[in-house]
Each structure stands twice: as structure tokens, then as C-alpha cells.
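Reviewing the structure listed below.
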Amino acid sequence: MTIVQKFGGTSVGSAERIAGVAQLAVEAAGRGDRTVIVTSAMGGVTSLLVDAARRASHGNWSFDERPALRARHLEAAQALFGNDRVLVELVRDRVDRGLDRVDSLCFGLSLVHELTPRIMDAISGTGEMLAAPLVAAAIASRGISSEAIHATELIVTDDQFGDAEPLFDATRAKAEARLGPMLDGGVIPVVTGFIGATADGVMTTLGRGGSDYSATILGATLDADEVWIWTDVDGVMTANPADVPSARTMRAISYSEASELAYYGAKVLHHKTIIPVQSAGIPVRILNTMNPTGEGTRITPEGHPSPTGVKAITSIRNVSLVSVSGRGMQGIPGIAARAFSAIAAERASVLMISQASSENNICVVVRSEDEVRVVRALRNALEFDIMKSHIDDVTSDDSIAVIAAVGDRMAGTPGIAAKVFGALGEEGVNVIAISQGSSERNISLVVPETDASRAVRVIHDAFSLGEKS
Ligand code: ADP
Ligand code: ASP
Ligand code: MG
């Protein structure tokens, strides 16, 4: 079997956790699996690098985090294989080189005072380059050959820095050529998650949380039998356990359910994770490094139908509701088309759309970081209609959250929306906008951000999702 196993930030967050990863790699080798490991940065490292880059671009070059980052990686190396001087030296060299690079980039930023997405990627993707040698050395110290590989050698992407898209044919050729011989020779490659490179070799990232995506990209290009995503919870749960303490792990869900949940805020999966494995039907498992013998969640094309129709509830925060409204909009063709083209030109993704049937208003939900740009673009694109008073104004509100109820069997099950609204109404949660996709796998609602956790809990209870189905 060829299996790609991805380990998230908590799963490689300390010497003890990395020892657990190495143990799982040894077990895979014992079973005779061809294993590719994909590693995230140690927990919290990416955010520290992002902060350092931002500060440097404001003129403060100091990279104060450097000593602590160095100590964290080298102390883990010492605890894991301190008796092997060669391995310790190798890790020290890689860590110092990675940190030197960040230092130089930050110095450059402090001079130019400008932080482009391209430089941000070069800095934020370094955390994985520090972690991979550590994980590979921990495996090697247990007698199994292992080598750290930068995904810049494997994953070819476009140049959409900060949110790059893989180019599959080019990636397949590189991944097969680089990893194939290693796997055939019984070597376990430890690949940096999150990063890739353009065809001319410029480093890119796949967006925050992107190591999950790296794993399925490699799984698809290597024709893997399965992709295992190891994290810090038992699997994909019926809600974020931080919102709903009674949330339960789901044993099996479908590709479409996993994609909807990830898209609508279930952080356990990067929102594009399922795309690469979809056409080949490669199963994905979500497993817990803290409970390695648990069953986890199995994600397959068909999943497992649930009797209630609704399987899980998610929430997305840090989003804004942008509204185009005006009585004069009625019957004027093309306003929606122009509005959506303007949003697309800003490369802002629209998480939800809702239009009142009276055509008095069109609302879209976008990420709050895109709000100002989207409002400006809409005002420009609709300037003529605003002048003619077809449109009163383009307004925005960032004090909202989106809640989504997701499940394949919602399609064709009557009464789900009534139950959702009934439950929210009884609790006095005000619903600002609603939207149901025509696939009927998802109902999304906009609620005040301050009510988001409560709304998730109420809907979770209304469908008894905390009880075993
Ligand atoms: P990793 O570092 O392993 O990639 P993440 O922090 O990215 O882990 O994702 C795991 C976290 O996702 C969990 O600890 C949990 O807090 C959060 N989460 C949000 N929604 C869900 C959900 N529906 N099921 C499971 N975890 C969820
Ligand atoms: N280290 C990156 C992040 O924190 C990618 C990942 O963990 O998946 O966003
Ligand atoms: Mg993650």
C-alpha cells in the first residue's frame, strides 16, 4: 500500500509528539507500506513568522522570535536523538540556514517597508522547512532511512502567492521522479507541507492550514491507496468542539460533506483538501495522534447516510456581509452580473449569496480581509446605477458570522429548514440572511457574530447530533 500520512502542528509540536510520529512511521515500515510523510510546522511557528514579517515591513527588523524558534527545534532534536551527533548537527545546520533566510528577508522588508504576498510566502513557509529535518532525523534515529524533502522540489503551482493552486501534470512528473525511487528503496520521505514553487522555482504557499492540501495533492499524484491526516482531535466532528462540548466524531462522511464542512469553517480540513482525491476516489482518514488506535473519520465518495439528514454544523467567523440595495434595482438587468464580476476581479471568494425575491437587495458574504476592497470595487462597478438612484448604496457589516448545517441526506428531507429556524427562533437568535444551495446539502445562515456559538449549539441540539446515530 502507498499511504501519505500528514501530521499537523500539534502532532509535531514537541519532542514527545515527534517521537509518536516516528513510531507511526516505523510501524508503517513494519507493515511494508510505501509511506510519504507530510509535516506542518511545529504548532504556532507559522503565526510567529507571519508576525515577524509584518513587523519587519513596518521598519522593525529585529526578528525577536529567532532565539526561541532555534531553541525549540534544537531542544527537540536533543531530546529525540541527542546521542547521535551527526543527526543533531544536520538538524542544527538546516534550522540555522532556514532562520538565516528569514533574517535576511526581514532585513529587506525593513528597508523597503512593503510586504508583498510573494515575500510573505517565502517567510511563512519556512516553519515547515525547520520541522521536516527534525521529523526525518527522528525516524532515521529509529533505524529506518528517511530524508527531508522541500515541497518546492515537488509541488508546482501557479503564482497566486498566499493561495497558490497546484499544476497537477507538472507536479505528478516531479513527485514521481523524486519520491518514486525513494519509496522503492524503502526510504521514508518527509515532505514539507503548505509550500510549493512556481515553474520557475519561486516559493509559494497553499494558504493557511494548507498542509492537508499538500497531502492530498501528493496522494493523488502518487496514486496513493489512502491519505491519512493526523491531527489533535478524533476525526471530523458534528461541530467544532470549542463551540459544542457534546460534539461527536463521525465515523464516515462523503467527499461532498467533507468539502462543504471544510469550506464553511471546519478548520480540521483545509477547504480544498478533497479536490485532488475526488476523481481517483482515494479515501482520506482523519486520525488523532493523541489516540492513534482510534478509528477516526473515513472520507469516501459515498460516505454514510445519516437518518436525520443534517450531519454537522459549522461556523465561519471573520467574515463580512456586503449588501447592494435600492428599490430602483427591481427589473434592471445585469446588476448582479456586474456585481459578481467586480468581486471576481478582486479575487475575493464569495462564501454565501442571498437575494431577496423583491430584488431590492443582493447580499454576499466575503472574508473580512477582503471587505474594503470588495466594497470599493462594487461602488466603482455600480457607479452609474448609484448615480441614477437604482442603487441606494453598497454597505458592509463585519459583526456577523455564517452558520452552516451540512449533510448529503438533507436533499429531499422535508422540514429541515423549519426545524433550524424554529430552534433559533425559540432561542431568540436573529437570522440576518439565509441561503440554500441547489444541491440541498447545505443551509447557510448569517447571524450576529456574538450569537454564533449559541446558534451552532442550538441547531446541534435540535437535530440531536450529540447522540449516537
Ligand atoms: P492541525 O494542526 O492538525 O492541522 P487544525 O488546528 O488545523 O489541526 O485542525 C484541528 C482543529 O480543528 C481541532 O482541534 C478543532 O479545534 C478544530 N475544528 C473545528 N471544527 C471542527 C470539526 N467539525 N471537527 C473537528 N475539529 C474541528
Ligand atoms: N503551518 C501552516 C499553517 O499554520 C500550514 C498547516 O499547518 O497546515 O497554516
Ligand atoms: Mg490544519
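Along the sequence shown, residues carry numbers from 1. When a ligand or atom number is given, it counts from 1 through the structure's own listing order.
For the residues Ile286, Thr10, Thr46, Asn240, the heavy atom positioned nearest atom 21 (C) of ligand 1 is part of Asn240. Distances from atom 5 (C) of ligand 2 to the heavy atoms of Glu128, His270, Met42, Lys267 put Glu128 nearest.
Here Asp100 pairs with Arg66 in a salt bridge; the nearest charged N to carboxylate O distance falls below 4.0 Å. Note on Arg409 versus Glu440: no salt bridge recorded, every NZ/NE/NH1/NH2 to OD/OE distance being 4.0 Å or above. Residues Arg457 and Asp243 are not paired through a salt bridge, judged by the lack of any N-O separation under 4.0 Å between the basic side chain and the carboxylate. Between Arg248 and Asp234, no side-chain nitrogen of the basic residue sits less than 4.0 Å from a carboxylate oxygen of the acidic one, so the salt-bridge criterion is not met. Taking a cutoff of 4.0 Å between a charged side-chain nitrogen and a carboxylate oxygen, Glu260 and Arg441 do not qualify as a salt bridge. Taking the charged nitrogens against the carboxylate oxygens, Arg55 and Glu65 do have a contact shorter than 4.0 Å, which makes a salt bridge. A salt bridge is absent between Arg285 and Glu295: the closest approach of a Lys/Arg side-chain nitrogen to an acidic carboxylate oxygen does not fall below 4.0 angstrom.
Residue-ligand proximity: His270 is placed with every non-hydrogen atom at 4.0 Å or more from ligand 1. Residue contact check for ligand 2: Gly127 places no non-hydrogen atom closer than 4.0 Å to it. For Gly193, the heavy-atom gap to ligand 2 stays at 4.0 angstrom or more. A heavy-atom separation below 4.0 Å is found between Ala239 and ligand 1. Not a single heavy atom of Ala247 sits under 4.0 Å from any atom of ligand 1.
Proximity to Asp232 (heavy-atom distance under 4.0 Å) selects the following atoms of ligand 1: 10 (C), 11 (C), 13 (C), 14 (O).
Among protein heavy atoms, the minimum distance from atom 6 (C) of ligand 2 is reached at Ser211 OG, 3.3 Å. Protein heavy atom at the shortest distance from atom 23 (N) of ligand 1 is Met237 O, 3.1 Å. Ranking protein heavy atoms by distance to atom 3 (C) of ligand 2, first place goes to Arg208 NE, 3.4 Å.
Looking at Ser368, its side chain does come within 3.5 Å of a backbone N or O of Asn318 through a donor-acceptor pair.
No part of Met250 comes within 4.0 Å of ligand 1, judged by heavy-atom distances. Here Val233 has side-chain heavy atoms under 4.0 Å from ligand 1, and that is the only part of it that gets that close. Contact annotation: for Ser40 versus ligand 2, heavy atoms closer than 4.0 Å belong to the side chain alone.
Residues Asp169 and Thr171 bring no donor and acceptor atom of their side chains to less than 3.5 Å of each other.
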